[in-house]
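Everything on this sheet refers to the single structure shown next.
As a basis for the values below, the full set of heavy atoms in this structure was taken, side chains included, without hydrogen atoms, waters or symmetry mates.
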Amino acid sequence: RFMLGGTLRCVLVSVLALAFVPAGLGAIVLVENGEPRAQIVLGSQHSKLERLAAEDLQLYLERMSGAQLPILVSDDLPSGPVVLVGQSELVTERLGALLSEKHLGYDGYILKTFPNILVVAGQDYRWDRQPDLWRNSHYNGNGTRFAVFALLEELGCRFFNLHPDGEHVPQMETIEIAELGVVSRPDVALRYLWLSGDYVPRETNYAFLQWAMKNRLGGAQIPHGHN
């Protein structure tokens, strides 16, 4: 059994406005003895990026435990433990003004527990205007997906390189989330590594972009280049 504690550990981000978030109550059981105990919930107006974030979470929790949490699209709160992904009405009712650039910057995120509820949300930009993952995707605001992978990192996952063999996904039959209140905003506006060369295969470029996103690289679009 792995229990996610309330200790806040951030990589490449600073923690802001934690005092604005009231403490949650009790642990939330996502998986118990290899069986799903929670649902992942998206709002009816969810974005493409929020859908991807929900699928990321579903995939890695299944890889960890063998249990596939169902993804539900609803603006109503279902019974039982839930993971609210993205900036749905259910999330904005609970977080309010924290879901803003003032508190989250360009692509910050929030991980917050309430009784029987885990909120996984972030600041997202440009996805619907630039849906092509291959073009300028490192400038897309991926705050919601950053939130998912920050949570997975707290659960013990690691993303060392582009190849699946470079990922560490711990195995556990029961996954619980204890009280959690994280509001993370990047200290650096642009955080990225440049993948260059005379020719980079499309598949390699895709794998690199996914690896960068899992490690929360990205940021605001800042024109730059060389002579």
What distance do Q87 atom CD and L99 atom CG have between them, rounded to the nearest 0.5 Å? 4.5 Å

Closest contact, heavy atoms only, G34 versus A67: O-CB, 3.5 Å

Treat each ILVMFWY residue as a node, draw an edge where side-chain heavy atoms are under 4.5 Å apart, and state whether V29 and I71 are in one component. no

Rounded at 0.5 Å granularity, tell me how far OG in S47 sits from CG in L52. 8.5 Å

Salt bridge (Lys or Arg N to Asp or Glu O under 4.0 Å) contacts in which one or both residues fall within residues 84-93, not counting sequence neighbours: none

Sub-4.5 Å side-chain heavy-atom contact between V82 and L118: no

Please determine whether side chain to side chain contact (heavy atoms under 4.5 Å, CB included) holds for the pair T113 and I28, giving the CA-CA distance in whole Å, both sets of side-chain angles, and the decisive distance to 0.1 Å. CA-CA 8 Å; T113 53; I28 300 171; 3.9 Å; yes

Contact check, side chains of E176 and R37, non-hydrogen atoms, under 4.5 Å: no

Q58 side-chain N/O to Q68 backbone N/O, donor-acceptor pair under 3.5 Å: no

Can you give me the closest heavy-atom contact between A121 and A147, atom names plus distance? O-CB, 3.8 Å

For residues V41 and P78, report the shortest heavy-atom separation together with the two atoms involved. CG2-CG, 4.0 Å

Counting N and O atoms only, with roles assigned by atom type, does the side chain of D124 sit under 3.5 Å from a partner on the main chain of G143, one being a donor and the other an acceptor? yes

Close side-chain approach of V183 to R185, heavy-atom, < 4.5 Å: no

Distance (rounded to the nearest 0.5 Å) between C157 SG and H168 NE2: 7.5 Å

E50 versus L42, closest heavy-atom pair with distance: O-CD2, 3.5 Å

Run the numbers on V85 and T144 for side chain to side chain contact (heavy atoms under 4.5 Å, CB included), then give the verdict. CA-CA 7 Å; V85 174; T144 304; 3.8 Å; yes

In short, salt bridge (Lys or Arg N to Asp or Glu O under 4.0 Å) pairs touching residues 61-73 with sequence neighbours left out are R63-E167

Can you give me the closest heavy-atom contact between P70 and A38, atom names plus distance? CD-O, 3.6 Å

For F160, the ring pair (Phe, Tyr, Trp, His ring centres under 6.0 Å) test, sequence neighbours excluded, returns none

Nearest 0.5 Å, what's the CG-CZ distance between L84 and R94? 6.5 Å

Would you say that H46 contacts V73 through its side chain, given a criterion of any heavy-atom pair below 4.5 Å between the two side chains? yes

Side chain to side chain contact (heavy atoms under 4.5 Å, CB included) for L30 and V83? Distances and angles first, verdict last. CA-CA 8 Å; L30 304 184; V83 182; 3.7 Å; yes

Within-4.5 Å side-chain heavy-atom neighbours: I40 and L72: no

Rounded at 0.5 Å granularity, tell me how far NZ in K112 sits from CG in L180. 8.0 Å

Hey, mind stepping through F149 and Y109 against ring pair (Phe, Tyr, Trp, His ring centres under 6.0 Å) and telling me if it holds? CA-CA 11 Å; F149 284 97; Y109 61 85; over 10 Å; no

Could you check whether any side-chain N or O of N161 sits under 3.5 Å from a backbone N or O of H163, counting only pairs where one atom can act as donor and the other as acceptor? yes

Answer whether the closest heavy-atom distance between the side chains of M172 and V31 falls below 4.5 Å. no

Spell out, as yes or no, whether a donor-acceptor pair under 3.5 Å connects the side chain of N142 to the backbone of M213. no

Among I177, V148, L151, which residue meets the side-chain contact (heavy atoms from CB on, under 4.5 Å) test with L111? L151

Show your working on side chain to side chain contact (heavy atoms under 4.5 Å, CB included) between I117 and L90 and close with a plain yes or no. CA-CA 10 Å; I117 297 172; L90 292 172; over 6 Å; no

Taking only Lys NZ, Arg NE, NH1 and NH2, and the carboxylate oxygens of Asp or Glu, determine whether E153 and K214 approach each other closer than 4.0 Å. no

How far apart are the closest heavy atoms of G80 and N116, and which atoms are they? C-ND2, 3.4 Å

CD/E32 to OG1/T174 distance, rounded to the nearest 0.5 angstrom? 5.5 Å

